[in-house]
Structures are given as C-alpha cells and as structure tokens.
Amino acid sequence: MNQVVIYTDGACKGNPGPGGWGALLQAGSAKKELFGGELGTTNNRMELMAVIQALAALKRPCDVVLYLDSQYVRKGITEWIHGWKAKGWVTASKEPVKNADLWKQLDALVQGSGHRIDWRWVKGHAGDPGNEHADSLANKGVELALKNG
C-alpha cells in the first residue's frame, strides 16, 4: 500500500461564520494541496470537511498517517461514532449528533476505502510545519469563500 502523510485543518472567522478547510497530502516526494470554504459554517464542520476531502482525494487504498489538531474529529471518528451509530445518531443525552451529515460521510470513507489510518493529534499553532501549512491552506479557503460569496 502507498504510504501517505496528511495534515488537515479547519478555520472559521466567527463561529458560525465564513470558514475554510485545508489539507496537505504527501506521498514520497509528491505533495498535493487542497482547500475550500463556505460562508455560513462552523470550525468543527471545517475540521471535518478537511479530513473528508483529503481522504476522498486518495485514489486507492493507502497506509495513511493523518495529523490533525482537532480532538473533536479524532475522538469522534475513533471513539464516539460507535455509540452514535448504535443509538441512531443521537448522543448519550438524547440530542441529535451535531454535523451528522459530515460524520456519516467520513464514516463511509473510513469504512469503505480500504485505507489503514493512524489518527495523530498535534497541537495547533505550536510550530508543527505540516499543521501550520494546513492552517494556511484553511485560511486560503476562508478567503476563497469570501471572494466567491
């Protein structure tokens, strides 16, 4: 399987507000940058969208090391999602799961892609070069959303 390193990040100017997502994919010496944005969104939605878009960009099953600074996404996909699915997409407090549409997309990608994913949390805005790059891409996504209105 191809080895791929991915860094993802989301950004939001106001929460909710205009937001962006960014992803840096690296396989050997090849690099790919992805970014996009939306006007009325939240930081958590943009964090999820970054991971969804990065994994969707992979054309075949890969051995992925995925770095993200969102505990919400990392814990959601590795821990909480099992309970949400078992309970019909409601939380322990009987509330609908927020961002269920994106969680379902991410779950389908993770379960159906054949990827082996190592989810690694990295502290945001702490000088990690890959995370800083993903953050700058997410901010480009915000600019794109504002420009395209």
Side-chain angles (χ1 to χ4, degrees), residues 1-85 91-93 95 97-111 113-148:
M1 275 211 276
N2 287 12
Q3 305 267 325
V4 180
V5 174
I6 299 175
Y7 286 87
T8 64
D9 201 13
C12 214
K13 306 303 179 196
N15 200 15
W21 57 267
L24 173 64
L25 291 76
Q26 300 170 292
S29 61
K31 288 185 179 182
K32 183 171 188 162
E33 296 179 341
L34 304 171
F35 63 91
E38 298 173 19
L39 284 178
T41 191
T42 65
N43 191 63
N44 283 341
R45 287 187 71 79
M46 293 295 93
E47 294 280 1
L48 279 161
M49 188 59 79
V51 176
I52 289 166
Q53 295 295 336
L55 292 175
L58 300 175
K59 304 292 185 233
R60 65 183 69 82
C62 295
D63 207 350
V64 178
V65 178
L66 197 150
Y67 292 92
L68 66 170
D69 63 9
S70 171
Q71 289 284 22
Y72 170 71
V73 175
R74 191 184 67 79
K75 287 187 175 181
I77 197 63
T78 62
E79 298 173 27
W80 306 333
I81 197 162
H82 310 294
W84 294 338
K85 287 164 63 173
T91 65
S93 58
E95 296 292 318
V97 171
K98 287 186 176 140
N99 306 312
D101 58 329
L102 296 181
W103 283 115
K104 289 174 184 177
Q105 280 184 51
L106 181 55
D107 184 48
L109 277 168
V110 169
Q111 298 304 319
S113 65
H115 303 313
R116 284 196 309 247
I117 305 170
D118 180 1
W119 301 90
R120 296 194 189 173
W121 181 80
V122 61
K123 185 173 173 56
H125 310 286
D128 180 286
N131 179 256
E132 297 293 339
H133 195 119
D135 180 64
S136 73
L137 292 170
N139 282 299
K140 278 188 184 178
V142 176
E143 292 168 23
L144 186 68
L146 289 170
K147 187 174 87 178
N148 294 340

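- Considering all non-hydrogen atoms of both residues, W103 and I81 come closest at O-CD1, 4.0 Å.
- Between T8 and Y67, every side-chain heavy-atom pair lies at or beyond the 4.5 Å cut-off.
- The two residues A57 and L25 make their nearest non-hydrogen contact at CB-CD2, 4.3 Å.
- The shortest side-chain heavy-atom distance between D69 and D9 falls under the 4.5 Å cut-off.
- Using a 4.5 Å cut-off on side-chain heavy atoms (C-beta onward), M1 and R60 make no contact.
- Among all heavy-atom pairs drawn from Y72 and W80, the shortest one is O-CZ3, 3.7 Å.
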Verify side-chain contact (heavy atoms from CB on, under 4.5 Å) between D101 and R45, making sure each step is shown before the conclusion. CA-CA 10 Å; D101 58 329; R45 287 187 71 79; 2.9 Å; yes
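- Side-chain atoms of K123 and D128, non-hydrogen and from C-beta on, never get closer than 4.5 Å to each other.
- Rounding to the nearest 0.5 Å gives a distance of 9.0 Å between OG1 of T42 and NZ of K98.
- Residues L55 and I117 have side chains in contact (heavy-atom distance under 4.5 Å, counting atoms from C-beta outward).
- Without hydrogens or angle criteria, Q26 side chain to K31 main chain gives no donor-acceptor distance under 3.5 Å.
- Once rounded to the nearest 0.5 Å, the distance linking CG of L137 with CD of E132 reads 11.5 Å.
- Within the 4.5 Å cutoff, side-chain heavy atoms of I6 are placed close to those of L58.
- The nearest pair of heavy atoms linking K13 to N139 is NZ-OD1, 2.8 Å.
- Here R74 contributes atom CZ and L68 contributes atom CG; the two are 7.5 Å apart, rounded to the nearest 0.5 Å.
- To the nearest 0.5 Å, the span separating CE on M46 from CG on N99 amounts to 9.0 Å.
- Here the closest non-hydrogen pair linking N131 and H125 is OD1-N, 3.5 Å.
- To the nearest 0.5 angstrom, Q71 atom CD is 8.5 Å from T78 atom OG1.
- Taken from OG in S136 to CD in E33, the straight-line distance is 7.0 Å, to the nearest 0.5 Å.
- Looking at L39 and L146, their side chains come closer than 4.5 Å, going by heavy atoms from C-beta outward.
- In plain terms, the two heavy atoms of G37 and W21 that are nearest each other are N-NE1, 3.9 Å.
- Checking Q105, K104, Q111 one by one against D107, the side-chain contact (heavy atoms from CB on, under 4.5 Å) holds for a single residue, Q111.
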